[in-house]
Amino acid sequence: MNGLRLPCTPLLRTGVWFLVALAGAVESGCQSSKEASLDSAIRAYDTGSYQRAFDDARSSRLSSSGRKRAESAYVAGLAAMMIDRPVTARNFLEEAARSGDRVISGRANASLGTLLLEDHEPLAAARAFDQAAASLTGSDRTRARRQAGLAYEKAGMNTLARQRLSEAGPMTSSLPGRFTIQAGFFKDRTSAVRRAEELSGLGLRLNLGSAMVVPTTARGTRGYAVQVGDFSNRAEAETARRSLGDTRTFVTKVAQP
């Protein structure tokens, strides 16, 4: 991920947009109790055991320093969001956002922006997304700029909103070769909208964006696909799909209107 490596273990991007993760087991010769605790926290998060993820990440933070402490705070913040502890999540994400590591800081700010939007603080959210965009690169920076624009719009700051959305450029969802999580295909739009509403809250919390209702054709039948998230590869999308915890979903190419 952006060529960055943590001591002994790589930082890998997961489909939760901004989950900083360790790959598999801790490498031979580098294992310690605090690394194992963070590794177990990430594994617990990936399987939907958010309380365990929070406990392990918090424990790892207490016994760590530097980049490892910031990473642990970030995972604890994400897990706290999932167990509906927004104040605790905010504290941990703010700590991670102060990290000297640009990737951890950027991704923590992006998650913090999402949380601030849920708390009806759009201006603070926009500023967090701005800080995320300043630290991140590529599609992550583009997405953070777009989120900043939408947050400025909610805050009534239309000039800044237009500027950020212009900087982000056009949506890439319609580009060929991209993947998404599909939650159903419906012949009537009302059913599709209802299904999209079921997923939108969780999609926003996981930084996937709102679920979209896309008019399309499947096997010769006109209807409406319900899709959430936009990923450059299938593996990334599949990781996000597991994090959603909805067995009625699958990974597919982005639907074409």
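In this chain, residues are counted from 1 in sequence order.
- Counting side-chain heavy-atom gaps under 4.5 Å among Ile, Leu, Val, Met, Phe, Trp and Tyr, F185 is found in no cluster with other residues.
- The shortest distance between side-chain heavy atoms of V228 and L244 falls below 4.5 Å.
- Separating the CZ atom in R141 from the CZ atom in R145 is a distance of 5.5 Å, to the nearest 0.5 Å.
- A44 and A53 get closest at one heavy-atom pair: CB-N, 3.7 Å.
- The distance from the CZ atom of R98 to the CD1 atom of I104 is 13.5 Å, given to the nearest 0.5 Å.
- Under 4.0 Å is where a charged nitrogen must lie from a carboxylate oxygen, and between E95 and R69 at least one such pair does.
- Side-chain atoms of R164 never come within 3.5 Å of backbone atoms of R146 as a donor-acceptor pair (strictly under, hydrogens ignored).
- Hydrophobic clustering (ILVMFWY, side-chain heavy atoms < 4.5 Å, transitive): L160 and L123 are in one cluster.
- Here the straight-line distance linking atom CD of E71 with atom CG of L38 works out to 4.5 Å at 0.5 Å rounding.
- Two residues are said to be in side-chain contact when any heavy atoms from C-beta on lie closer than 4.5 Å; S135 and V103 fail this criterion.
- Listed by chain and residue number, nothing satisfies the ring-ring contact (aromatic ring centres under 6.0 Å, His included) test with Y224 (two or more places apart in sequence, or in another chain).
- Side-chain atoms of S105 do not come within 3.5 Å of backbone N or O of D101 as any donor-acceptor pair.
- Considering Q227, K253, R241 as possible partners of T180, the one that fulfils the side-chain contact (heavy atoms from CB on, under 4.5 Å) test is Q227.
- Closest approach of A144 and A133 over heavy atoms only: CB-N, 3.8 Å.
- With respect to D55 and R58, a salt bridge is recorded, a charged nitrogen being found less than 4.0 Å from a carboxylate O.
- For the pair S72 and S64, the tightest heavy-atom approach, listed with the atom from each and the gap, is OG-OG, 4.4 Å.
- Counting heavy atoms from C-beta on, the side chains of F231 and I181 come closer than 4.5 Å.
- Taken to the nearest 0.5 Å, the OG1 atom of T114 stands 11.0 Å off from the CG atom of D119.
- Smallest separation of non-hydrogen atoms from P122 and L117: CA-CD2, 4.0 Å.
- One distance of note links CG of L116 with CD of E94; it measures 7.5 Å at 0.5 Å rounding.
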Exercise for review: Please step through salt bridge (charged side-chain N to carboxylate O under 4.0 Å, His left out) for the pair R43 and D56, ending with a clear verdict.
Suggested key: CA-CA 10 Å; R43 290 179 184 276; D56 287 352; over 6 Å; no

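- Taking each heavy atom of A192 and V226 in turn, the nearest pair found is O-CG2, 3.3 Å.
- Hydrophobic clustering (ILVMFWY, side-chain heavy atoms < 4.5 Å, transitive): F92 and I83 are in one cluster.
- Applying the side-chain hydrogen bond (donor to acceptor under 3.5 Å, both in side chains) test to R195 and every residue at least two apart in sequence or in another chain returns E198, D246.
- How far OG of S111 is from CZ of F129: 8.5 Å, rounded to the nearest 0.5 Å.
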Check your understanding: Between N158 and Y152, is a side-chain contact (heavy atoms from CB on, under 4.5 Å) present by the stated rule, with each step listed?
Key -> CA-CA 7 Å; N158 295 326; Y152 277 126; over 6 Å; no

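- Looking at P86 and D84, their side chains come closer than 4.5 Å, going by heavy atoms from C-beta outward.
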Review point. When you look at L93 and R90, which way does the side-chain contact (heavy atoms from CB on, under 4.5 Å) test go after all the steps?
Key: CA-CA 5 Å; L93 291 173; R90 185 166 175 170; 5.9 Å; no

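- With S40 contributing its side chain and S37 its backbone, the two residues share a donor-acceptor pair below 3.5 Å.
- Shortest non-hydrogen contact noted between L199 and A183 is CD1-CB, 3.1 Å.
- Within the 4.5 Å cutoff, side-chain heavy atoms of T190 are placed close to those of R194.
- A donor-acceptor pair is defined here as one N or O able to donate and one able to accept, closer than 3.5 Å; such a pair exists between the side chain of R102 and the backbone of A134.
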